[in-house]
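Inspection log for the structure reproduced underneath, given as structure tokens.
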Amino acid sequence: MTRHPFPASFKFGAATSSYQIEGGWDLDGKGESIWDRFCHTPGKIEDAATGDVACDHIHRWQEDVNLMADLGLDAYRFSVSWPRILPAGRGAINEAGIAFYDRLVDGLLEKGIKPFVTLYHWDLPQQLQDEGGWTARSTVDAFCEYADVVSRRLGDRVKDWITLNEPFVSAFIGHWEGRHAPGAHSEQAALATTHHLLLAHGRSVPILRFNVQEASIGITHVLHPSHAASASEQDQLAAQQFDGLLNRTFLDPIAGRGYPKIVPYDRAILESLVQPGDLEAIAAPIDFMGVNYYTRRVSRSAAVPEVENDAQTVHVRDEQTDMGWEVYPEGLFELFERLHRDYDFTSYFITENGAAYPDELDSGGRVKDIKRVSYFRRHLEQVALIIENGIPLHGYFAWSLMDNFEWGYGLSKRFGLIYIDFETQERTPKLSYWWYRDVIRGRSII
Ligand code: FCB
């Protein structure tokens, strides 16, 4: 029996981010971002690639919008590049940058595709980094200025806003592990970044609400079910601590509960950054919680807990994607059951879900990405279950519309529904694209 779990109002989408697809890193007045600087520093990116050109979306956006329309997308999630709009992070506006997003938004609306704008997907203006970046409280004000400019200019047409993408990753992978820009290695910096990002989110919510009539505003977190490797007390504690780090540090303050107690970092540092009124600001009412889901985390105890210490991560199942991430579809339902039970968010979107596989064009010029279809199918089954259980999940965005620049891995990891030949920029829809098109058309899993 075919299931038809997706109501007509459910949004099927695909997602991208500015640095990963746009290119044009110094085009038409754009300022330098921390990712430009990071990628131009030898040794930072695995295959020495950069996002200088990426998918050249800045020039090929019309072709990309046409591909979205053929796919039948209800919605498209993309991010705005802060230094393309405010090259110095604050102050002078780069009109050419605004004009690009104006055209893109109009192009989407012409095709009946709803734009979901993410304000910050990690490409901080380098000039702000030179003043301390997210470790400096003044960056919160700069973000509010940026959010004000973008929402005043696009808010007549864009109603769906995501303030931040995955503050966990910006804070801990960018500032503690240093695998991402700006490449710091400091617990203090990671925790200051955490607090200032969340404060920037909270402070920008009322600005967006003021500028945009009928706005729907949320934030996107990457969430992981956190499991213990065994029933031992130490492993159970490790799992709780990682739940504190990966999930609760970012969910609890948004829900008005302040920062969690059981965490693997020095809580005193985080608490010392909180000024009167901060926690109230962070808890500004939002319209939806955005969830990125890729895998779970299975932990065992270690003398010194670290953010991503492989010795502490156990792969329970053999099936992994090209990122080495365990494929664990049922974690999606588990996560939403928990969100629905433990928090009172009124609405949800899955703002990213997808898998990297080493795709290749076959002799007929096609990409038969059967594993990706299987990944999506099994995760959409979980989406169906979430909806059938009455949890208010209103949309699903596949990561990603097209192969792109995968951060520290450069161009070597392919997540797209569309294959990109990075030499010629030719776009080839993969099997998963045609499969997803039929899912969207039939509003059922095939
Ligand atoms: C998420 C990021 C996104 C992409 C996917 C694979 O953490 O938000 O930009 O890199 O992972």
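None of the values given here were measured: they were computed from a predicted structure. Whatever order the structure lists ligands and atoms in, that order sets their numbers, starting from 1. All values below were derived from every heavy atom in this structure, side-chain atoms included, with hydrogens, water molecules and symmetry-related copies excluded.
Between W407 and ligand 1, a contact under 3.5 Å exists for at least one N or O pair. In terms of polar-atom proximity, defined here as any N/O pair under 3.5 Å, E406 does make such a contact with ligand 1. Residue S17 has no nitrogen or oxygen atom sitting less than 3.5 Å from a nitrogen or oxygen atom of ligand 1, judged on distance alone.
Taking the six-membered ring where the residue is Trp, the centroids of W325 and Y375 are separated by 6.0 Å or more. Taking the six-membered ring for Trp and the full ring otherwise, the centers of F6 and F12 sit less than 6.0 Å from each other.
Nearest to atom 5 (C) of ligand 1 among the protein's heavy atoms is Y294 OH, 3.3 Å. Annotation: atom 2 (C) of ligand 1 to nearest protein heavy atom, E352 OE1, 3.4 Å. Protein heavy atom nearest atom 7 (O) of ligand 1, with residue, atom name and distance: E166 OE1, 2.6 Å.
Contact atoms of ligand 1 toward Q20: 3 (C), 4 (C), 9 (O), 10 (O) (distance under 4.0 Å to a heavy atom of the residue). Those atoms of ligand 1 that come under 4.0 Å of a heavy atom in H121, given as number and element, are 2 (C), 3 (C), 8 (O), 9 (O). Those atoms of ligand 1 with a heavy atom of F415 less than 4.0 angstrom away are 6 (C). Numbered from 1 in the order shown, with element, the atoms of ligand 1 that lie under 4.0 Å from a heavy atom of N165 read 8 (O).
Between L417 and L71, the shortest heavy-atom distance links the atoms CD1-CD2, 4.0 Å. Across every non-hydrogen atom of Y293 and L223, the tightest pair is CD1-O, 3.7 Å. Residues P429 and L67 approach most closely at CG-CD2, 4.0 Å, considering heavy atoms.
Remark: W399 CH2 to I350 CD1 distance equals 15.5 Å, nearest 0.5 Å.
In this structure, V222 has no heavy atom closer than 4.0 Å to ligand 1.
R60 and D64 are not joined by a salt bridge, as no carboxylate oxygen comes within less than 4.0 angstrom of a charged side-chain nitrogen.
Between D403 and the options K413, R427, R372, K430, a salt bridge (Lys or Arg N to Asp or Glu O under 4.0 Å) holds for only K430.
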